[in-house]
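Predicted model, so just to flag it, every value in this text is computed and none were measured.
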Amino acid sequence: MKTLTFFNEKGGSGKSTFCLMMASWLRYKVGARVAVLDLDDPMHSIHELRQVDLECLKSSSKEFMKFVPEGTDPSRDWYPVIPAAVDGGEKDQLMLESLVKQLGSDYDYILLDFGGSFSDGDTVIRFLRSHMLDFMVIPIYSDETVLLSALELCYRASLHGQRKAVFWNRVTRSERPDGERDRLRPLSELFTNEGYDLLDTMIPDLVMFRRDPRTWRFIRSTACWPQRNIDALCPELEHLFQEIRVILDNQE
């Protein structure tokens, strides 16, 4: 069993979105056994989207049902999304660690979605100290606050020996590499020069990341992997997830 998180303390970086989409890709495209711990208390955005997916299934939403196999049983075919309150300090931490260990016998991957804060006592810090995360993936985009925050995050994660990598998200058309010209290279070097791994895949800035199965051409869902929409709107997603999976599966 491998444990994974997408994390950045800056709101809007995409941590919850990538967490749920990679879980869906692993479960519905790859066929792996997956569980998600939604520790983003009190938001619980992944658990909230699961409720939306349930509503779409009950109402037979036209767009949604194109991607859900007929006869899907939520208790059997969907991966579990487990929300948890995490403000109880070390007591909560011991319970979460015990839960992760118990899930390890039934699942290949556990994805954890943390709240955005990165202060002493926060759940993500406690997981770093307990060395229970196999991999931390850090989405970044060309915003000064985001980049400085991510650099500090990489540094503090390194102090705990945490395996991690950053990748470019919300890349605009003008920022995409074009031949010899790469506008993001100087910013990428802020990380690579410090020895922090940078993934190859760049994810474009898409409004579709904010759509759910009640809307047209969604790509976010906890209940299916909308392959045709992914192919048409953001094939880079699968490249990113494949890149991460190779790193995870090659870890000792």
Side-chain angles (χ1 to χ4, degrees), residues 4-25 29 40 43 45-46 49 63 111 113-118 135-155 157 164-222 225-247:
L4 166 71
T5 186
F6 289 85
F7 184 80
N8 190 313
E9 61 180 330
K10 181 68 171 64
S13 61
K15 64 180 186 62
S16 297
T17 293
F18 286 107
C19 179
L20 74 88
M21 287 195 295
M22 182 157 190
S24 296
W25 177 76
K29 180 65 180 293
D40 191 1
M43 296 293 291
S45 56
I46 297 180
L49 185 59
E63 288 293 329
L111 288 88
D113 184 39
F114 296 103
S117 179
F118 194 64
F135 200 38
M136 174 182 282
V137 190
I138 305 170
I140 59 174
Y141 56 95
S142 55
D143 173 272
E144 182 178 1
T145 302
V146 171
L147 295 174
L148 291 175
S149 175
L151 282 167
E152 181 184 0
L153 172 59
C154 286
Y155 172 73
K164 63 201 167 302
V166 299
F167 73 95
W168 284 108
N169 182 33
R170 297 177 60 174
V171 177
T172 64
R173 186 178 299 275
S174 65
E175 291 173 335
R176 296 176 190 175
D178 180 16
E180 294 297 319
R181 185 175 60 180
D182 183 352
R183 297 177 185 271
L184 293 177
R185 182 178 298 169
L187 300 178
S188 297
E189 290 174 351
L190 294 174
F191 295 88
T192 57
N193 288 345
E194 294 296 326
Y196 305 139
D197 292 337
L198 177 69
L199 299 180
D200 293 332
T201 309
M202 294 182 173
I203 302 298
D205 190 7
L206 293 178
V207 69
M208 281 70 179
F209 287 128
R210 293 181 285 277
R211 292 181 175 177
D212 63 44
R214 293 171 296 193
T215 61
W216 179 66
R217 299 190 79 181
F218 67 96
I219 58 178
R220 290 192 315 161
S221 173
T222 69
W225 178 252
Q227 187 69 60
R228 281 175 290 173
N229 286 357
I230 298 294
D231 289 343
L233 301 172
C234 191
E236 295 90 348
L237 276 175
E238 288 202 83
H239 302 157
L240 174 68
F241 298 155
Q242 289 164 354
E243 196 174 355
I244 293 170
R245 188 187 179 205
V246 167
I247 294 173

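- Distance check: Leu240 CG to Trp25 CH2 gives 9.5 Å after rounding to the nearest 0.5 Å.
- The main-chain N or O of Leu199 is never found under 3.5 Å from a side-chain atom of Glu243 such that the two would form a donor-acceptor pair.
- You'll find the side chain of Met43 stays beyond 4.5 Å of the side chain of Ser16, heavy atoms only.
- Put simply, the side chain of Phe218 does not reach to within 4.5 Å of the side chain of Arg220, judged on heavy atoms.
- Rounding to the nearest 0.5 angstrom, the gap separating the CG atom in Leu206 from the OG1 atom in Thr17 is 11.5 Å.
- The shortest side-chain heavy-atom distance between Ser13 and Ile138 does not fall under the 4.5 Å cut-off.
- The CE atom of Met21 sits 10.5 Å away from the CG atom of Leu49 when rounded to the nearest 0.5 Å.
- For the atom pair CG of Asp200 and CD of Glu236, the computed distance is 13.0 Å after rounding to the nearest 0.5 Å.
- Put simply, CD on Glu175 and CG on Asp182 are 10.0 Å apart, with the number rounded to the nearest 0.5 Å.
- Using a 4.5 Å heavy-atom threshold, the side chains of Tyr141 and Val171 count as separate.
- The heavy-atom pair separating Ala150 from Asn8 by the smallest distance is CB-ND2, 4.1 Å.
- Minimum heavy-atom separation, Met22 to Arg245: CE-N, 4.2 Å.
- Taking OH of Tyr196 as the start and NZ of Lys164 as the end, the distance is 6.5 Å to the nearest 0.5 Å.
- A distance-only check finds no donor-acceptor pair linking the side chain of Asp40 to the backbone of Asp113 [under 3.5 Å].
- Across all non-hydrogen atoms, the minimal contact from Leu187 to Phe191 is O-CD1, 3.6 Å.
- A 4.5 Å side-chain heavy-atom check between Phe167 and Val137 finds at least one atom pair inside the cut-off.
- Put simply, the side chain of Arg217 never gets that close to the backbone of Met208: no donor and acceptor are under 3.5 Å apart.
- Between the side chain of Ser149 and the backbone N or O of Thr145, no donor-acceptor pair lies under 3.5 Å.
- Residues Leu151 and Leu190 approach most closely at CD2-O, 3.5 Å, considering heavy atoms.
- In plain terms, the two heavy atoms of Arg176 and Pro204 that are nearest each other are NH2-CB, 3.3 Å.
- Taking the six-membered ring for Trp and thresholds of 30 and 60 degrees, Phe241 and Phe18 have ring planes more than 60 degrees apart, a perpendicular arrangement.
- Here the closest non-hydrogen pair linking Gly115 and Lys15 is C-CE, 4.0 Å.
- Taking a cutoff of 4.0 Å between a charged side-chain nitrogen and a carboxylate oxygen, Asp143 and Lys10 do not qualify as a salt bridge.
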